[in-house]
Structure formats: C-alpha cells, structure tokens
Amino acid sequence: DAMVIQNPRYQVTQFGKPVTLSCSQTLNHNVMYWYQQKSSQAPKLLFHYYDKDFNNEADTPDNFQSRRPNTSFCFLDIRSPGLGDAAMYLCATSSVGLASYEQYFGPGTRLTVT
Amino acid sequence: SQQGEEDPQALSIQEGENATMNCSYKTSINNLQWYRQNSGRGLVHLILIRSNEREKHSGRLRVTLDTSKKSSSLLITASRAADTASYFCATDAGGKLIFGQGTELSVKP
C-alpha cells in the first residue's frame with residue numbers, strides 16, 4: 001500500500017545533541033511537509049518542499065533544518081535540541097497544489113530530549 | 001495567529017449517540033478539511049469541503065460550512081467506540097493548512 005513512513009517512531013536525544021528524523025513516501029507526491037505537534041496542541045507547520053523548492057515558515061527556529069534529496073525522502077534536522085523541542089514530529093505529503101488537496105500523514109516520530 | 005478555533009475542546013458521549021464538533025476561522029478560505037488523530041498517531045484525512053459548498057456527506061460524517069459566519073461543523077452519527085480520537089479542522093489559507101486546537105472525542109461503549 002502507498003504510504004508515508006517515518007523513522008524512528010520514538011527518538012530520545014540529549015540536550016544539544018544533533019538529531020535527524022526521516023520521512024519517506026511511496027505516493028510520489030510532489031509536496032512534503034514537516035509539522036511539530038506538542039501535547040494537546042494543533043500541528044504547527046515548520047516548513048514544506050514543493051518539489052525541490054524549500055519553504056520555511058517565518059516563525060520556525062533556525063535550529064530546525066530540512067533536506068529533500070529526492071522525491072521520496074525528506075529529513076528533519078534539529079541542530080541543537082532543547083527541552084522545548086520535545087514533541088511529536090509529523091511528516092505529510094500532498095499532490096500538485098499545496099494545501100488545496102488533502103494531506104497524507106505519517107505515524108509521527110515522538111522526540112524526547114533529556 | 002491561529003486560524004481555527006474548535007468547540008468543544010472535549011466531548012464524551014455514549015455509543016450510538018451523535019457527536020457534533022464546531023470550528024470557527026478568521027480569514028477567507030479556499031477549503032476546509034477535517035482530520036482525525038488517534039492517540040499518539042498521525043492524522044487521517046476525513047473530508048474536504050470547498051468554499052462554494054454548504055454541506056458534504058461521507059458515510060456517517062456530515063460537514064457543513066457557513067462562509068458568512070466563518071464556521072464549520074462536523075457531525076458523526078451513530079458513534080462507535082472506535083470513533084474515539086481527536087478531531088481537527090484545518091483551513092487552507094494561502095497555500096498551507098492551519099489546524100485548529102482540536103476536539104477530543106470519547107465514545108463510551
């Protein structure tokens with residue numbers, strides 16, 4: 001089945017230690033998104049790729065970076081995680097025209113910062 | 001600034017009852033979408049309603065949209081224990097989705 005896959009599902013990192021979360025998709029969608037969701041809150045868009053074009057949200061901290069080496073894969077890099085970065089990180093995809101179409105979400109990676 | 005506000009924040013009902021959740025938003029939209037999130041999981045798309053539509057049905061789901069009041073509602077009929085989840089509205093505002101805070105629905109068997 002076509003899907004969005006996130007690895008790992010659970011990630012523990014130390015304060016200040018760089019961490020990378022990965023997302024892959026078999027849907028061949030041209031848009032990929034990264035969201036941060038803290039407990040009992042709405043998902044918050046960090047950035048998205050429209051094909052290879054990177055679009056950063058204005059309030060996304062510089063600590064967060066992303067890479068999309070090809071259509072199928074997208075990575076979220078947190079350069080120096082702080083305690084406030086502990087959250088669920090959701091990857092999503094959509095086809096063609098950004099949010100005008102439904103988004104397909106992966107199961108998420110829950111990040112713990114110790 | 002948050003686009004969508006949801007009401008109620010939490011809802012507890014018995015199996016077989018109907019559940020209604022409301023969403024209000026602030027600016028003009030292209031469409032409004034509803035998503036479900038089971039505890040600790042990703043979001044699943046339920047239904048999309050375009051700005052020129054007033055009502056849409058999908059199985060036991062009924063969504064209404066009132067653009068004059070900038071509000072939408074999601075009705076789940078004949079609820080089941082498996083409907084227990086958080087439900088989010090999301091507005092398409094200028095090419096990205098902005099999610100509301102969500103309604104946490106608990107359906108007791």
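Order of the sequence lines sets the chain letters (A, B, ...), proteins ahead of strands, with each chain counted from 1.
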Report task. Kindly determine whether Gln37(A) and Gln37(B) satisfy side-chain hydrogen bond (donor to acceptor under 3.5 Å, both in side chains), including the steps that lead there. Result -> CA-CA 12 Å; Gln37(A) 186 181 26; Gln37(B) 184 177 35; 2.8 Å; yes

Is the [atom1] atom of [X] crowded by more than 12 outside heavy atoms at less than 6.0 Å?
X: Arg80(B); atom1: CZ; value: no
X: Gln9(B); atom1: CD; value: no
X: Asp62(A); atom1: CG; value: no

Closest heavy-atom pair and its distance - [X], [Y]:
X: Leu43(B); Y: Phe105(A); result: O-CB, 3.2 Å
X: Phe88(B); Y: Ala42(A); result: CE2-CA, 3.9 Å
X: Glu102(A); Y: Gln33(B); result: CA-OE1, 3.5 Å
X: Arg41(B); Y: Met88(A); result: N-CE, 4.3 Å

Requested in this report: Carefully, step by step, assess Tyr35(B) and Gln103(A) under the rule side chain to side chain contact (heavy atoms under 4.5 Å, CB included).
Outcome: CA-CA 9 Å; Tyr35(B) 288 80; Gln103(A) 294 187 13; 3.6 Å; yes

Query - Top contributor to chain B contacts, counting heavy-atom pairs under 4.5 Å, from Pro107(A), Gly108(A), Cys91(A) - result: Pro107(A)

Which answer fits [X], side chain, backbone, both or neither, if we ask what part of it has an atom under 4.5 Å from a heavy atom of chain B?
X: Tyr104(A); value: neither
X: Ser39(A); value: neither
X: Gln6(A); value: neither

Using the rule that two of Ile, Leu, Val, Met, Phe, Trp, Tyr join whenever any of their side-chain heavy atoms come within less than 4.5 Å, decide whether [X] and [Y] are in one cluster.
X: Leu97(B); Y: Tyr50(A); result: yes
X: Val4(A); Y: Phe75(A); result: no
X: Phe15(A); Y: Ile78(A); result: yes
X: Ile49(B); Y: Val44(B); result: no
X: Trp34(A); Y: Tyr10(A); result: no

Query raised in the report: Can you tell me how far OG of Ser94(A) sits from NE2 of His45(B), rounded to the nearest 0.5 angstrom?
Result: 11.0 Å

Report task. Examine whether an atom of Glu104(B) lies under 4.5 Å from a heavy atom of chain A, and if so say whether it belongs to the side chain, the backbone or both; otherwise answer neither. Result -> neither

